[in-house]
Amino acid sequence: MKSFASAILKAGFCYSILILLAVSESYAQQGVVSEEITSHIFKPVKVEATQERLNQLEMPEGFTVTKFAENLGKPRMIITGPGGAVYVSRRDKGDVLLLKDTNKDGEADEMKTIIKKENAHGMAIHDGKFYLVTVQEVYSGKLNEDGTVGKLQLLIDDLPVGGQHPNRTIGFGPDSMMYITVGSTSNSYPELNKRSATILQAKPDGSDVKVFAKGLRNTIGFDLHPQTKELYGMDHGIDWLGDNEQKEELNHIKEGADYGWPFIYGDGNFNKADEPDSLTYEEYAAKAEAPVLMHTAHSSPLGM
């Protein structure tokens with residue numbers, strides 16, 4: 001039986017309206033009429049993670065959900081390590097927590113902060129080392145037997161600035177290469193930095209960084225297929241296209257592929273807000289990789 005580490009359950013919704021006025025002084029002087037955009041914002045109401053609420057979660061046969069740890073503030077990403085160690089990054093606190101279930105009762109009874117690093121987010125373990133990525137940096141440190149991490153070494157310090165999507169994730173493939181997600185700096189505007197809106201590939205020591213796949217607005221959750229070892233990732237869709245558009249994309253990530261952002265989304269749809277420089281929409285759609293599956297729009301899946 002598998003268990004799931006859950007810190008906070010959220011249920012219910014509150015509703016509000018956001019009005020944006022797209023206007024500038026220079027446009028006003030030219031007589032350009034401002035545009036009014038009405039948006040629906042749904043914010044889940046936080047509730048206690050009781051067992052009764054946990055039992056409402058639908059799970060595949062053979063899986064159960066129990067509460068592993070609570071009162072963690074705003075846990076962001078989670079990975080597991082040797083000996084049952086559980087690592088949780090907290091972006092707002094700028095730290096990484098080590099959680100342990102020493103008495104094997106299914107709940108964490110030991111918790112401590114092992115890393116303090118501003119904007120700590122994505123984590124990975126590879127070849128006896130712990131890797132951490134912030135907005136523009138990648139670090140690694142020796143993974144000790146007790147689950148703690150030795151002195152961090154800076155491997156990369158020039159990832160693109162964060163902008164709208166500063167949350168990087170990191171992982172390793174069967175080729176022992178490092179993969180780093182870099183979201184776009186905007187909603188749907190072509191990037192000046194060619195490393196933005198991509199998945200990057202690098203050697204474990206941080207050298208030979210290159211763009212592995214592009215046209216990915218904000219892929220955070222990614223993983224390898226357990227049998228084929230092929231890379232898959234969940235990409236967050238463009239905003240302001242409607243309550244049901246753009247759907248989130250599950251993409252089969254291939255080296256050298258372009259997944260269409262910001263010009264093409266979903267099953268070959270054209271984003272009319274931006275136009276390719278040298279190709280028509282039809283030509284760009286023909287060369288862009290289509291998603292394998294699509295998920296509820298604006299649901300922002302983080303983990304896989």
Are V88 and M111 side-chain neighbours, meaning at least one heavy-atom pair lies under 4.5 Å? no
Shortest non-hydrogen contact from F270 toward A285: CE2-CB, 4.0 Å
Side chains of F212 and K254, heavy atoms from C-beta outward: is any pair under 4.5 Å? no
Once you round to the nearest 0.5 Å, how far does CD1 of I199 lie from CZ of F222? 6.0 Å
With salt bridge (charged side-chain N to carboxylate O under 4.0 Å, His left out) as the test, would you mind laying out the steps for K104 and D109 before giving the verdict? CA-CA 9 Å; K104 309 300 181 184; D109 50 62; over 6 Å; no
Determine, using the 4.5 Å side-chain heavy-atom cutoff (strictly less than), whether L155 and V182 are members of one ILVMFWY cluster. yes
Checking V149 against I115 for the side-chain contact (heavy atoms from CB on, under 4.5 Å) test, could you report, in this order, the C-alpha distance in whole Å, the side-chain angles of both residues, the deciding distance, and whether it holds? CA-CA 8 Å; V149 177; I115 293 174; 4.3 Å; yes
Given 3.5 Å as the limit, does a donor-acceptor pair link the side chain of E245 with the main chain of G242, or not? no
Between CG of L99 and OG1 of T80, what distance do you get to the nearest 0.5 Å? 11.5 Å
State, to 0.1 Å, how close I238 and H298 come at their nearest heavy-atom pair, and which atoms those are. O-CE1, 3.9 Å
Keeping Q164 on the side-chain end and N187 on the backbone end, is there a donor-acceptor pair under 3.5 Å? yes
Who pairs with S299 by side-chain contact (heavy atoms from CB on, under 4.5 Å), at least two apart in sequence or on another chain? E248, H295, T296, P301
Around atom CG of L154, are there more than 12 heavy atoms from other residues, nucleotides or ligands closer than 6.0 Å? yes
Can you tell me if E145 has over 12 outside heavy atoms packed within less than 6.0 Å of its CD? no
Can you confirm whether L250 sits close enough to P291 that some side-chain heavy atom of one is under 4.5 Å from a side-chain heavy atom of the other? no
List the steps and the verdict of salt bridge (charged side-chain N to carboxylate O under 4.0 Å, His left out) for E191 and K214. CA-CA 11 Å; E191 296 289 345; K214 65 179 183 178; over 6 Å; no
Does V135 offer a backbone N or O that forms a donor-acceptor pair with the side chain of R168 under 3.5 Å? yes
Between K67 and E107, does any NZ, NE, NH1 or NH2 come within less than 4.0 Å of an OD or OE carboxylate oxygen? no
If I take atom CG from residue N193 and atom OG1 from residue T185, how far apart are they, to the nearest 0.5 angstrom? 8.5 Å
Start with the C-alpha gap between R76 and D92, add the side-chain angles, then the distance that decides, and say whether salt bridge (charged side-chain N to carboxylate O under 4.0 Å, His left out) holds. CA-CA 9 Å; R76 180 70 179 183; D92 64 322; over 6 Å; no
Would V138 and I170 count as a side-chain contact (heavy atoms from CB on, under 4.5 Å) if you check the C-alpha gap in whole Å, the side-chain angles of each, and the deciding distance to 0.1 Å? CA-CA 9 Å; V138 176; I170 188 171; 3.9 Å; yes
Cluster check M77, I114: I/L/V/M/F/W/Y, side chain < 4.5 angstrom: yes
Can you tell me how far the OG atom of S140 sits from the CD1 atom of I125, to the nearest 0.5 Å? 12.5 Å
Compare all side-chain heavy atoms of V96 with those of T113 and state whether any distance is below 4.5 angstrom. no
Tell me whether D235 contacts the main-chain N or O of E249 through its side chain, where contact means a donor paired with an acceptor under 3.5 Å. no
Between R90 and G73, is there a donor-acceptor pair closer than 3.5 Å when you use the side chain of the first and the backbone of the second? no
S184 side-chain N/O to S186 backbone N/O, donor-acceptor pair under 3.5 Å: yes
Over all heavy atoms of both residues, which pair between P204 and S176 is shortest? Give the atoms and the distance, please. CG-O, 3.1 Å
Looking only at atom types and distance, does a side-chain atom of T181 sit under 3.5 Å from a main-chain N or O of T219, one as donor and one as acceptor? yes
Has R217 got a side-chain atom pairing as donor or acceptor with P262's backbone, closer than 3.5 angstrom? no
Across all chains, not counting sequence neighbours, the side-chain contact (heavy atoms from CB on, under 4.5 Å) partners of M177 are D175, Y179, Q201, K203
Without swapping roles, check the side chain of Y131 against the backbone of G122 for a donor-acceptor pair under 3.5 Å. no
In one Ile/Leu/Val/Met/Phe/Trp/Tyr side-chain cluster, 4.5 Å: L159, M178: yes
Got a second to check how far E118's CD is from E137's CD, nearest 0.5 Å? 8.5 Å
Could you go through N119 and Q136, starting from their C-alpha distance and side-chain angles, then the distance that decides it, and tell me whether this counts as side-chain contact (heavy atoms from CB on, under 4.5 Å)? CA-CA 9 Å; N119 295 312; Q136 292 187 277; over 6 Å; no
Is the backbone N or O of D146 less than 3.5 Å from a side-chain atom of K100, with the two atoms forming a donor-acceptor pair by type? yes
What are the two closest heavy atoms between G141 and L152, and how far apart are they? N-CD2, 3.9 Å
Aromatic rings Y87 and F130: how do their planes relate, parallel, tilted or perpendicular, breaks at 30° and 60°? tilted
Does some side-chain heavy atom of T169 sit less than 4.5 Å from a side-chain heavy atom of M123? no
Residues in ring-ring contact (aromatic ring centres under 6.0 Å, His included) with F263, at least two apart? Y284
Are I253 and V211 linked, directly or through intermediate hydrophobic residues, by side-chain heavy-atom contacts shorter than 4.5 Å (ILVMFWY only)? no
Starting from the C-alpha separation in whole Å, work towards a yes-or-no answer on side-chain hydrogen bond (donor to acceptor under 3.5 Å, both in side chains) for T50 and E52. CA-CA 5 Å; T50 62; E52 181 181 5; 5.0 Å; no
I'd like to know if F68 and L97 are part of one continuous hydrophobic network [Ile/Leu/Val/Met/Phe/Trp/Tyr, side-chain heavy atoms within less than 4.5 Å]. yes
Indicate the ring-plane relationship of H126 and F172, choosing parallel, tilted or perpendicular according to the 30° and 60° boundaries. parallel
Answer whether the closest heavy-atom distance between the side chains of L54 and T64 falls below 4.5 Å. no
Could you report the tightest heavy-atom contact between Y281 and K272, atom names first, then the distance? OH-CA, 3.5 Å
Looking only at non-hydrogen atoms, find the nearest pair between E289 and A257 and report the distance. CG-CB, 3.6 Å
Are any of the side-chain heavy atoms of L216 and T198 separated by less than 4.5 Å? no
Can you find a heavy atom in the side chain of Y265 that is under 4.5 Å from one in the side chain of L241? yes
Do I220 and H121 pass the side-chain contact (heavy atoms from CB on, under 4.5 Å) test, and can you show the C-alpha distance, the side-chain angles, and the key distance before you say yes or no? CA-CA 10 Å; I220 294 182; H121 194 258; 4.2 Å; yes
Spatial distance of atom CG (L302) from atom CG (N218) [nearest 0.5 Å]: 9.0 Å
